[in-house]
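Keep in mind that this is a model prediction, so the values were computed, not measured. Numbers restart at 1 for each chain; the letters A, B, ... are given by sequence-line order, proteins then strands.
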There are 2 protein chains.
Amino acid sequence: METMKRTVTCGALRKADAGKKVTLNGWVHRKREHGGISFINLRDRYGVTQVVVDDGAPAELASLTAELRNEYCLAIEGTVRARPDSMINPEMDTGEIEVAAEKIVILSRAEVLPFQIDGESGAKEELRLKYRYLDLRTASMQRKIKLRSDVAFAVREYLTAGGFYEIETPTFIRSTPEGARDYLVPSRLYAGQFYALPQSPQLYKQILMVAGFDKYFQIARCYRDEDARGDRQPEFTQIDIEMSFVGREDILSMVEGLMGHIFKKTLNTSLPAQFKRYSYDEAMELFGTDKPDLRFDMKMQDFSPYVAGGEFQAFKDALAAGEADKAAAAAKGITISGGGVKALVVPGKGDYSRKQIEELEAQAKIYKAKGMAWMKVGAGILEGGVSKFFASQAADIIKGLGAKQGDLILIVADSKRRIANTALGAVRSKLGRDLGLCDPAKFEFAWIVDFPLFEFNEDENRWEAAHHMFSYPQGKYHATLEQDPGAVKGDLYDLVLNGFELASGSIRIHDPDLQKKIFKIVGFDPAEAESKFGFLTEAFKYGAPPHGGIAPGLDRLVMLMAGETSIREVIAFPKNSFAQSPLDDSPNTVSQEQLNELHLSIVQPKAGTPADLHRSEGSPSV
Amino acid sequence: METMKRTVTCGALRKADAGKKVTLNGWVHRKREHGGISFINLRDRYGVTQVVVDDGAPAELASLTAELRNEYCLAIEGTVRARPDSMINPEMDTGEIEVAAEKIVILSRAEVLPFQIDGESGAKEELRLKYRYLDLRTASMQRKIKLRSDVAFAVREYLTAGGFYEIETPTFIRSTPEGARDYLVPSRLYAGQFYALPQSPQLYKQILMVAGFDKYFQIARCYRDEDARGDRQPEFTQIDIEMSFVGREDILSMVEGLMGHIFKKTLNTSLPAQFKRYSYDEAMELFGTDKPDLRFDMKMQDFSPYVAGGEFQAFKDALAAGEADKAAAAAKGITISGGGVKALVVPGKGDYSRKQIEELEAQAKIYKAKGMAWMKVGAGILEGGVSKFFASQAADIIKGLGAKQGDLILIVADSKRRIANTALGAVRSKLGRDLGLCDPAKFEFAWIVDFPLFEFNEDENRWEAAHHMFSYPQGKYHATLEQDPGAVKGDLYDLVLNGFELASGSIRIHDPDLQKKIFKIVGFDPAEAESKFGFLTEAFKYGAPPHGGIAPGLDRLVMLMAGETSIREVIAFPKNSFAQSPLDDSPNTVSQEQLNELHLSIVQPKAGTPADLHRSEGSPSV
């Protein structure tokens, strides 16, 4: 077959090339006819070039041109010529020229397309995933996959220059399920035994620090068998980083430099040299979440100073009940926060209707608020809602909250301060979206630090690790670790971007005795701990260095950089939200021979069980 | 805990730093005492620094120093001082200085080591893998893991600069077992269904070409469930490459540039701009293998011109039988080669003993030779062995083979030319090793091209793909593809380095009809082909570009660059040769709950079946 290899790409030709004989290879992006002349926009990864088959072309060329349809793959030989001034297209890089075709070879034909490639396809996601090879031809997907490649290279460039080694850790490891479920791989050689795929390289990167590699990174594939909900993928990619002989500040400033390099190199966007920083407690008080969106300000404020002097009994009750709970917990040696009354000033939204306010209240209730009070700011007075209970303090409140005439004040109270914070924080987030304050081209990073090391699991009546069991408790809490776990802050840090958690990390424990103490506090049976993590505590017995790390999610980073809201938009071949691939129809059945070799038999669930439900729900037709 | 963070690394200090106060962090590499003075060689990734605790140090420092053992992890504060001229160690980068310790903090202690870190451990591999974190501290492993990281970065640097995108392909795909077995991942959401892990990203990289990405690469993890033998790993890494609108020469020269960059950048070794090139047929004739070791010459030669004029019946019989077979096959329309008589001149080894020659013959017999004849070259005459049968042609033979007095001539004849070639080729390889001709610091690349597209499987009496089913038959064979598959050469190429196959690649089929024809020739049931590879042939219906690619193995490349003979030496955490990890004891059993969630039950093999055998053999004790 004749191939006629390209001499230039479809993005290369300029006015200065006029007169040159060239060969182009690419796809028919659009074709139109005008007065007997055929115009073919030929596209490749590098651009689009207008090819012209002139009126009066030889019969063979003319009839071949007539046959061409969108997405035919062609080789075209011709001569570059400058377009007349009136025909110059300033929107195209090659808009000053066209190529007069002398010969066309069809490299391969295209059937009728399931959707158009020209611009955003607008097709349903299931169809886009089934014909992903066509969807990936769109300018939008080409741009995003290139961005992902550029970001990954920028990461490697920065970290390699900084003395990091990229070290591959195994993806066939021992199953140590914690948190999410492991994906398993049955062994053929050892009947009844399995490898697990890593949820992250956590244990292995810590072992690399024990091995003395000092600075490690890996852009690593990770696997979590979670229920299909939200924007999750069975496999995802993280920028896994670990360093020895460092403290928190070393890691934070390294990541700031890394992000600065990535954004400068790929988006030509300058980030601040240092990111804003909030303690976990501050973030919860100001934004009601540990992943605040800082593209808008609107911080929550403490309304409790005005409660005692006011006449609104629900607020008073919430604080009193909170105090009582706190005292009861303290008697059991457990630290909890009391009640809270939090206010949010919404600038200029004093004109919100009752219905609009009720929608916001509904949001607060999703996060367990019992209700949401409101007031509007008039000329030196408060109006509507609960304002009558605070009339005597109106001036103090307006001044104290920094409100202005025409603003709306929203208040949530609860005997659990956490609920007051998270519920009003959810209202803040909704307002950010509703008011168009979340500009996708704006990038607001923040560090959240000083997380609690443990969370109390009320269902199971036990402490559990808030992050993971390998994080270092801050030094000042070592003495009282077991007495009051709730008060312990860890050397933990999250990197937040535009309201998303982009990375989570910590300084790790490197002392085998301290590690065992943590296992004990979270109620991990010593034999179980030994069997699952024994190889890590064993490693710690041979001179483990102090170390710590972090792991930004590559999918999410690129998603935010691309201004997208789903990681599926920045993965070449994602699974759908039911963990299936419409492209190759995986997962799928395998042969009985394969099952026999793996010493497995299938236990079909009874009708109506969850797996069965998933099966029928999970196969959306295309 | 006090950490005393380092101000410099253990490889940094020089004479000019004398007088500076520094803090070092690292491991006790060696410790010795001399006249009341303690010398601690403190090691980190960057080097070793001699720390001195002087005679008369404060009691606390002295007693702490006494406690130190090898591999304790320390922080040391002290002052840099120049060593007296007589004490300078020119072998150490830091050999001109030492650090007089003022304060030492033990960051963590080390138990008695299972083997020494100082130099090559010399420990058994099973022990090295169980305590891999200690093994990785050796200078040798540190160097190899750094080399691997450097090589991977050099690959990315070169290909990114060349306009390639690195695109991640999924590792959860559909099972399409061909050749090796797939590893499977059971789905929890869909009872009885499985994902497979990719043996390579082959289908996906071809789909990326259909998607218009033009130049793709990925350093990709691949998985093959093969029986444990030789130097195989369940997971391995390849440098996966694919390009559109290219022919063979484009890919070969791209890879030559890539290898040149890698070797220059990481080993400061210059490679030739173009690699030697042999057709598959030439390689078989000259070296008896398609992966010749070109660090030594010793090409095989054709001895058949001397057979008819000689009196050695076995050679005559071999050629005659070969001719008969060839004629019989031709009658059935199948192309095969006839018989062969091949000679190897071993320079200067005319003094080999009968026993030495018999050892070589034994090697030939492993490769199915019925025997090996020999002669020695005297002063213009042939001596010993079969020389009496060729006495009349001695001068012609000596001249024809380019032999010299004192050389040994080895000859293998067989009615199957392939056997004569491969058996004598195996003798050539053994001689290369025995005679020390395989210098690990020498790198001899070669391309092997023009491979047969099909091989006849005599057991199953059918043609099968020699490489894989997606490789393009060279144009001149398209018309006779189905009549005479044995004659068809493919656009296939292998990159060979020092006797190892480093990469395999081909120009691919991009025509759905041609692809279906290939499926048919290899006896692939159309329905089966459709169900397994339908998504690829479907993709080809929408304007697939001509494309091709290659995939160098990263593990093997780094192994050869490091002068090693096992890929386990260049993988941070390899499995042993029984596909097990002594570090984390994987694979291992999982909980009944995990099995239930995956809708699986275990079918224990009967005693004495292969899996059971593997089980007992496969767990070597440490």
Side-chain angles (χ1 to χ4, degrees), chain A residues 3 6 25 27 45 71-73 108 110-111 133 136-137 149 153 160 165-167 170 172-175 183 185 187-195 207 210-212 214 225 234 245 535 539 541-546 572-573 583-584 586-588 590 599-605 611 614-615, chain B residues 3 6 25 27 45 71-73 108 110-111 133 136-137 149 153 160 165-167 170 172-175 183 185 187-195 207 210-212 214 225 234 245 535 539 541-546 572-573 583-584 586-588 590 599-605 611 614-615:
Chain A
T3 53
R6 65 186 171 203
N25 293 168
W27 287 266
R45 199 190 86 182
E71 300 306 316
Y72 271 40
C73 188
S108 62
E111 298 194 347
Y133 39 87
L136 287 169
R137 288 185 189 169
S149 174
F153 187 70
T160 300
Y165 296 169
E166 183 161 20
I167 304 177
F172 280 11
I173 64 171
R174 175 159 190 171
S175 180
Y183 277 109
V185 179
S187 163
R188 179 175 56 86
L189 299 178
Y190 307 96
Q193 297 195 6
F194 294 79
Y195 304 98
I207 283 179
V210 178
D214 206 89
D225 186 5
F245 303 119
F535 67 105
K541 291 180 187 163
Y542 295 94
F573 300 103
L583 177 65
D584 68 2
S586 64
N588 214 309
V590 296
H599 324 287
L600 294 179
S601 72
I602 307 294
V603 183
Q604 283 296 346
H614 275 297
R615 190 168 202 175
Chain B
T3 53
R6 65 185 171 203
N25 293 168
W27 287 267
R45 198 190 86 182
E71 300 306 316
Y72 271 41
C73 188
S108 61
E111 297 194 349
Y133 39 88
L136 287 169
R137 288 186 190 170
S149 174
F153 187 70
T160 299
Y165 297 168
E166 183 161 21
I167 303 178
F172 278 12
I173 64 170
R174 175 158 189 171
S175 181
Y183 277 109
V185 180
S187 162
R188 178 175 56 86
L189 299 179
Y190 308 96
Q193 298 197 4
F194 294 80
Y195 304 97
I207 283 180
V210 178
D214 206 89
D225 186 6
F245 303 118
F535 67 105
K541 292 181 187 163
Y542 296 94
F573 301 103
L583 178 64
D584 68 2
S586 63
N588 215 309
V590 297
H599 322 288
L600 295 177
S601 71
I602 307 294
V603 183
Q604 283 295 346
H614 276 294
R615 192 169 202 176

In terms of heavy-atom pairs under 4.5 Å with chain A, which of B:V603, B:V590, B:I207, B:V185 leads? B:V603

Only pairs of heavy atoms separated by less than 4.5 Å count here; which of A:Y165, A:F153, A:W27 has the most with chain B? A:Y165

Taking all atoms of both residues into account, what is the closest heavy-atom pair of A:A191 and B:P605, and its distance? CB-CD, 3.2 Å

Side chain proximity check, B:I173 to A:F573, heavy atoms < 4.5 angstrom: no

Please flag which part of B:L583 lies under 4.5 Å from any non-hydrogen atom of chain A: side chain, backbone, both or neither. both

If you count heavy-atom pairs within less than 4.5 Å of chain A, which of B:Y183, B:F172, B:Y72 leads? B:F172

For B:D214, the salt bridge (Lys or Arg N to Asp or Glu O under 4.0 Å) test, sequence neighbours excluded, returns A:R6

Is there a donor-acceptor pair under 3.5 Å between the side chain of B:D584 and the backbone N or O of A:R174? yes

Using the salt bridge (Lys or Arg N to Asp or Glu O under 4.0 Å) criterion, which residues pair with A:R137? Sequence neighbours excluded. A:E71

Okay, B:S601 and chain A: the region with an atom under 4.5 Å from a heavy atom over there is both

Grab the two heavy atoms, one from B:P545 and one from A:C73, that are nearest each other, plus how far apart they are. CA-SG, 3.7 Å

Hey, what's the ring geometry for B:Y133 with A:Y542, parallel, tilted or perpendicular (30° and 60° as the breaks)? tilted

At a heavy-atom distance under 4.5 Å, which candidate from B:A110, B:P587, B:S586 has the highest pair count against chain A? B:P587

pair B:L600-A:I602: side-chain heavy atoms closer than 4.5 Å: yes

Heavy-atom distances under 4.5 Å only: say whether A:I167 touches chain B with side chain, backbone, both or neither. side chain

